[in-house]
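Structure first, then comments.
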Amino acid sequence: MAETTFGNATQVLEPFRGIKKVTLEEYFTSGHRTCQGCESALVMKLMVKAAGPRTIVLGSTGCMYVANTTYYTTPWVVPWMHTQLGSSGSAALGTAAGLKALMRKGKMKAEPINVIAFCGDGGGADMGLGAISATLTHKEYNSLILLYDNESYANTDIQLSGLTPYGAHTTFSPPGKVHRLIHKRWKKNVAGLMAAGHPECRYVATVCASYAVEMMNKVRRALTIGGPTFIHSLDPCPKGWDYDPMLSHELGELAIETGIFPLYEVEDGVVKYYGKTKAIVDGRPRKPVREYLLKQGRFAHFTEEDLGYFQEKVDEQWEKWEIPGVVPFRKLDAAQAALNVK
Ligand SMILES: Cc1ncc(C[n+]2csc(CCOP(=O)(O)OP(=O)(O)O)c2C)c(N)n1
Ligand code: SF4
Ligand SMILES: [Mg+2]
């Protein structure tokens with residue numbers, strides 16, 4: 001058991017040192033009806049495998065609720081509960097607080113139980129942002145909120161969310177003859193927002209299931225460090241992104257190699273890059289974004305101009321951001337900074 005600074009015991013989940021050390025037990029098994037190649041289903045499986053059996057999972061409405069709970073079947077082996085679309089944060093906080101109260105009153109055995117709430121990008125980055133933000137200020141309760149980002153409101157037929165990439169074809173942004181691009185907003189930087197805006201939150205990370213061991217180890221770290229923690233997972237979605245399901249793994253890799261989705265963690269305010277993102281930070285060239293975008297039908301209408309704009313925006317996050325790929329404040333040179341001091 002790990003005693004955190006504020007007296008909340010957590011389970012000590014040491015990192016898996018390589019794929020051969022990963023435990024065999026599964027806590028998300030057969031019984032779900034997600035699409036072939038669904039990375040979000042893989043994220044659920046890896047998330048709870050990393051957490052282990054003494055875990056409660058809470059899930060807001062979306063593909064990972066609906067497709068996982070067809071009448072009389074469920075893949076969850078651990079206790080789980082559905083919560084309203086914008087309520088992953090409230091469910092996490094309420095469950096953690098409820099467990100703590102029951103243990104304090106002696107109504108249940110005192111032991112560290114992992115509380116994980118998952119939400120989609122619609123439920124988490126749009127509708128439920130306020131509740132997640134509130135939860136991340138409550139350092140006295142241990143919970144992990146995992147946002148699985150398939151970049152649309154997938155369950156209701158691929159509507160545009162605040163995390164849908166620029167220009168993508170969704171049912172709310174179909175390319176037309178008059179307007180080729182309907183969606184012209186750049187994606188929210190949700191992990192950076194959580195890390196920069198919540199000083200009591202000791203752990204924020206980004207993950208992609210193409211890098212499964214690293215992903216599970218970040219889940220284990222979040223649960224061990226305790227307090228409220230947040231992980232953002234980028235999940236290729238064959239239906240919404242319009243590609244052959246066999247490409248899910250490759251698309252996850254390309255999102256990282258092009259620099260579109262950086263893999264990092266922020267623990268107690270210290271940024272650490274991972275894998276191919278670390279190689280990029282150390283100077284390895286990024287792959288052109290077109291290699292990622294043009295494998296997906298949702299960008300099939302892109303012209304060279306659109307590809308160029310997308311590339312420029314990604315270049316900017318590596319070349320101009322104060323903390324590349326993480327925090328989007330602009331760097332000022334020393335002279336300019338001095339002039340700005342009132
Ligand atoms: C308050 C509310 N509005 C709308 C809906 C309908 N609805 C159910 S699932 C869903 C999509 C959720 O999208 P996201 O959170 O990204 O999860 P995904 O379906 O992509 O897995 C919507 C709009 C709802 N259940 N509750
Ligand atoms: S629509 Fe996408 S997220 Fe939903 S089950 Fe299918 S592949 Fe998974
Ligand atoms: Mg979604």
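Remember, it's 1-based here, ligands and their atoms both numbered in the order they're listed. Remember, it's a predicted structure, so these values are computed and weren't measured experimentally. The basis for the numbers below is simple: all heavy atoms, side chains too, and nothing from hydrogens, waters or symmetry mates.
Protein heavy atom at the shortest distance from atom 2 (Fe) of ligand 2 is C237 SG, 2.4 Å. Nearest to atom 3 (S) of ligand 2 among the protein's heavy atoms is N150 ND2, 3.3 Å. Distance from atom 6 (Fe) of ligand 2 to its nearest protein heavy atom, with residue and atom name: C35 SG, 2.3 Å. The shortest contact between atom 8 (C) of ligand 1 and any protein heavy atom is with T61 CG2, 3.7 Å. For atom 6 (C) of ligand 1, the closest non-hydrogen atom of the protein is T156 CG2, 4.0 Å. Looking only at heavy atoms of the protein, atom 17 (O) of ligand 1 is closest to Y148 OH, 3.6 Å. Here the protein heavy atom with the shortest distance to atom 15 (O) of ligand 1 is G123 N, 2.7 Å. Protein heavy atom nearest atom 5 (C) of ligand 1, with residue, atom name and distance: L85 CD2, 3.6 Å. Protein heavy atom in closest approach to atom 16 (O) of ligand 1: G122 N, 2.8 Å. The protein heavy-atom contact nearest to atom 19 (O) of ligand 1 is N155 N, 2.8 Å.
Side-chain contact annotation: Y153 with T164, donor-acceptor N/O pair under 3.5 Å absent. Checking T137 against H198 by side-chain atom types alone, no donor-acceptor pair falls below 3.5 Å. Side-chain polar atoms of T171 and D157 form no donor-acceptor pair below 3.5 angstrom.
Ligand 1 has Q84 within reach: a non-hydrogen atom of the residue lies less than 4.0 Å from it.
Atoms of ligand 1 found under 4.0 Å from any heavy atom of C63, numbered from 1 in the order shown, are 18 (P), 19 (O), 21 (O). Residue S152 has at least one heavy-atom neighbour below 4.0 Å for each of these atoms of ligand 1: 16 (O), 20 (O). Residue N150 has at least one heavy-atom neighbour below 4.0 Å for each of these atoms of ligand 1: 18 (P), 20 (O), 21 (O).
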*List the steps, then state whether side-chain contact (heavy atoms from CB on, under 4.5 Å) holds for R286 with D315.*
CA-CA 9 Å; R286 283 175 273 120; D315 291 348; 2.8 Å; yes
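Side-chain contact between Y166 and K184: present, with at least one pair of heavy atoms (C-beta onward) separated by less than 4.5 Å.
For E265 (side chain) and R221 (main-chain N/O), no donor-acceptor pair under 3.5 Å exists by modelled atom type. A distance-only check finds a donor-acceptor pair linking the side chain of D126 to the backbone of G162 [under 3.5 Å].
Taking only nitrogen or oxygen atoms, main chain and side chain alike, G62 does not reach within less than 3.5 Å of ligand 1.
For atom 7 (S) of ligand 2, the nearest non-hydrogen atom from the set S40, G120, P236, P238 belongs to P238.
Using a cut-off of 2.8 Å, one finds that C63 contributes an N/O/S atom close to atom 4 (Fe) of ligand 2. Put simply, C38 stays out of reach of atom 2 (Fe) of ligand 2, with no N, O or S atom under 2.8 Å from it.
Judged by the 6.0 Å and 45° rule, K218 forms a cation-pi pair with Y274.
Across every non-hydrogen atom of C201 and T229, the tightest pair is SG-CA, 4.1 Å. Nearest heavy-atom pair, I158 versus T170, reported as atom, atom and distance to 0.1 Å: O-CB, 3.3 Å. Scanning all heavy atoms of the two residues, the minimum distance from A51 to Q11 falls at O-OE1, 4.0 Å.
Each of N142, T55, T224, T10 was compared with N114 under the side-chain hydrogen bond (donor to acceptor under 3.5 Å, both in side chains) criterion, and only T55 meets it.
Taking the six-membered ring wherever Trp is involved, the centroid distance between the rings of F172 and H183 does not fall below 6.0 Å.
The Mg ion (ligand 3) has D121 OD1, N150 OD1, S152 O as its protein N, O or S neighbours under 2.8 Å.
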